[in-house]
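Residue numbering restarts at 1 for every chain, and letters A, B, ... go by the order of the sequence lines.
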Protein chains: 2
Amino acid sequence: MKNTTVNSPRSRGRPRAFDRSAALAIAGETFWQLGYEGASIAELTAAMGITPQSLYAAFTSKADLYREALDWYQSEVGAFAAAALEKEDVVAAFKQLLMEAAKQFCRPDRPRGCMISMAVLTCARDNDAIADMVAREREATMKALHDRIEQGISQGQLSTDTNAMALARFIGAIIQGMSVQARDGASAKDLEAVAQLAIEQITRFRAQSATD
Amino acid sequence: MKNTTVNSPRSRGRPRAFDRSAALAIAGETFWQLGYEGASIAELTAAMGITPQSLYAAFTSKADLYREALDWYQSEVGAFAAAALEKEDVVAAFKQLLMEAAKQFCRPDRPRGCMISMAVLTCARDNDAIADMVAREREATMKALHDRIEQGISQGQLSTDTNAMALARFIGAIIQGMSVQARDGASAKDLEAVAQLAIEQITRFRAQSATD
DNA sequence: TTATTTCAAGAGTGATCATTGTGAAAAATA
DNA sequence: TATTTTTCACAATGATCACTCTTGAAATAA
């Protein structure tokens with residue numbers, strides 16, 4: 001009904017009857033819950049309320065739909081992480097990142113854990129390309145953590161002998177582990193306790209001149 | 001050829017021509033690499049060098065084979081973890097656990113990461129029972145960590161105000177995160193640096209009377 | 001011998017997989 | 001109104017899924 005692509009020059013034929021971005025959000029949640037291999041086209045179309053035909057017309061293929069779903073997740077769901085990293089103080093940024101993750105991973109209205117952390121860790125040989133794509137997303141996240149740490153060092157907030165890559169991997173590991181435990185039923189409180197222990201370790205890298 | 005079941009009373013007919021436990025080990029590695037859903041019967045039988053017939057005769061079903069593969073993993077591959085936890089000093093035990101995990105997760109002759117940490121985190125609805133089973137294995141591991149911490153507290157090695165469950169989840173999260181990063185190509189050295197940061201945090205819970 | 005069991009090799013089960021062809025219906029342009 | 005374009009719903013595509021049956025030979029125990 002509503003044309004979601006803002007500046008499209010009003011295409012000719014019959015307009016699509018469903019909201020593309022709303023359908024994408026549902027597909028994203030389905031992939032998030034079931035994984036790439038676990039979410040069949042039948043499952044996806046049933047959740048989205050459209051036919052396979054409409055799905056392929058709008059999203060080209062299952063792999064392309066998954067790619068778009070990852071983008072949707074990053075921008076719509078993972079936005080809290082980017083927001084946290086923008087905090088002025090680097091320790092406060094990671095504190096907010098981890099504490100917010102603990103909450104987000106246990107939201108009752110959504111699949112548990114982080115979609116990207118847990119996606120396609122194992123898969124059939126046919127789907128190796130998909131696995132590589134998600135692995136690259138995880139590496140990009142790791143690089144973002146690393147860069148934020150480097151920034152904290154250069155701003156004098158973290159000790160100059162901080163191993164940025166090791167600390168980034170440490171924080172990343174905590175987030176990935178929190179994801180798994182959220183899936184297994186851990187509560188937000190459980191995860192906040194884990195986050196707190198990680199934050200204490202991060203805090204030890206504060207530069208001596210900085211406030212604590 | 002060789003009958004691996006030690007106390008079996010020599011069955012009547014033709015003996016099986018393949019080594020059951022060797023076949024199980026290969027199945028285990030295949031599940032470890034590809035996951036439960038990603039490892040098809042065709043893939044498994046090709047790797048094991050037997051026909052589907054022989055597989056079903058020896059292992060009943062794919063789900064039962066997977067159950068046995070998890071047991072194989074625990075006893076054959078995950079033995080280093082149990083061994084580490086037996087160390088007298090609890091901090092030394094976790095240090096050995098994490099450092100050994102960093103090495104084991106990157107062995108060139110095996111699939112990377114921990115089979116159980118990464119298994120069936122997402123799956124088709126049909127396989128929910130399998131996912132629950134693996135989740136219970138992870139919870140059992142978490143309980144083992146928790147119990148070892150409690151033991152360390154009661155032996156006076158850890159501070160009495162240590163939150164055992166939180167610390168167990170923290171250590172578990174690090175292991176789960178190291179698994180993911182091993183999958184994504186991190187080196188043993190990368191993971192040892194992560195482990196080192198976790199060990200430093202664990203060390204802070206030493207009882208004041210204990211040596212460091 | 002006789003009974004039992006597994007072997008290899010292959011075919012076949014129904015179900016589901018991702019993907020697509022068909023043709024009618026709907027909404028745009030001409 | 002007539003034409004063009006796109007989406008719709010329904011059904012089918014070949015491939016693969018886990019799993020089983022067949023056939024006939026081979027290897028063991030009773």
Side-chain angles (χ1 to χ4, degrees), chain A residues 1-5 8-20 22-24 27 30-31 34-69 120 122-130, chain B residues 1-5 8-23 27 30-31 34-69 120 122-130:
Chain A
M1 214 57 84
K2 179 172 51 176
N3 192 334
T4 55
T5 310
S8 71
R10 170 60 82 195
S11 60
R12 284 232 323 152
R14 174 178 174 175
R16 78 164 52 92
F18 62 93
D19 183 330
R20 190 183 189 279
L24 175 59
T30 306
F31 278 129
L34 304 177
Y36 179 74
E37 291 180 328
S40 68
I41 297 292
E43 187 93 36
L44 288 162
T45 52
M48 298 159 87
I50 61 174
T51 61
Q53 212 69 336
S54 302
L55 187 152
Y56 279 89
F59 299 103
T60 307
S61 69
K62 186 183 181 185
D64 281 313
L65 175 58
Y66 189 67
R67 268 183 274 275
E68 283 205 54
V120 208
T122 62
C123 67
R125 303 224 130 95
D126 288 350
N127 296 321
D128 277 348
I130 302 286
Chain B
M1 212 56 87
K2 181 172 52 177
N3 192 332
T4 55
T5 310
S8 73
R10 173 56 86 195
S11 60
R12 286 243 304 164
R14 175 177 175 174
R16 80 164 49 92
F18 62 94
D19 184 330
R20 190 183 189 279
S21 64
T30 306
F31 278 128
L34 304 177
Y36 179 74
E37 291 179 328
S40 67
I41 297 294
E43 187 94 37
L44 288 162
T45 52
M48 298 160 88
I50 61 174
T51 62
Q53 212 72 333
S54 301
L55 187 151
Y56 279 91
F59 299 103
T60 307
S61 70
K62 187 184 180 184
D64 281 313
L65 175 58
Y66 189 67
R67 267 185 274 274
E68 283 205 54
V120 207
T122 61
C123 67
R125 304 224 130 93
D126 288 350
N127 296 320
D128 277 349
I130 302 284

- Sort and list the pairs that fulfil salt bridge (charged side-chain N to carboxylate O under 4.0 Å, His left out) and have at least one residue in residues 34-55 of chain B, not counting sequence neighbours.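 Found A:Arg125-B:Glu43.
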
- Message: For B:Thr122 versus A:Gly35, what's the shortest heavy-atom pair and its separation?
- Response: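 Between these two residues, the closest heavy atoms are OG1-CA, 3.3 Å.
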
- Taking only residues two or more places apart in sequence or in another chain, which ones pass side-chain hydrogen bond (donor to acceptor under 3.5 Å, both in side chains) with A:Ser40?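 A:Ser40: no side-chain hydrogen bond (donor to acceptor under 3.5 Å, both in side chains) contacts found.
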
- Message: B:Thr60: which residues meet the side-chain hydrogen bond (donor to acceptor under 3.5 Å, both in side chains) condition with it, sequence neighbours left out?
- Response: none

- Task: Kindly calculate the angle separating the two end axes of the helix from C:dT1-D:dA30 to C:dA30-D:dT1, each obtained from five base pairs, and round it to 10 degrees.
- Result: 10°

- Note on the structure: Heavy-atom contacts, protein to nucleotides 8-18 of chain C, under 4.0 Å, summarised as B (base), S (sugar-phosphate only) or - (none) per nt, yield S--------SS

- Can you tell me the distance, in whole Å, between the CG atom of A:Leu55 and the C1' atom of D:dA9?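 It is 15 Å, rounded to the nearest whole Å.
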
- Query: Taking only residues two or more places apart in sequence, or in another chain, which ones meet B:Thr51 in a side-chain contact (heavy atoms from CB on, under 4.5 Å)?
  - Reply: B:Gln53, B:Ser54

- Item | Test side-chain contact (heavy atoms from CB on, under 4.5 Å) applied to B:Ala39 - qualifying residues, sequence neighbours left out |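 side-chain contact (heavy atoms from CB on, under 4.5 Å) check on B:Ala39 returns B:Thr30, B:Phe31, B:Leu34, B:Leu44.
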
- Message: Counting C-beta onward and ignoring hydrogens, is there a side-chain heavy-atom pair between B:Phe59 and B:Met48 closer than 4.5 Å?
- Response: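 They are in side-chain contact.
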
- Message: If the condition is salt bridge (charged side-chain N to carboxylate O under 4.0 Å, His left out), which residues does B:Asp128 pass it with, not counting sequence neighbours?
- Response: none

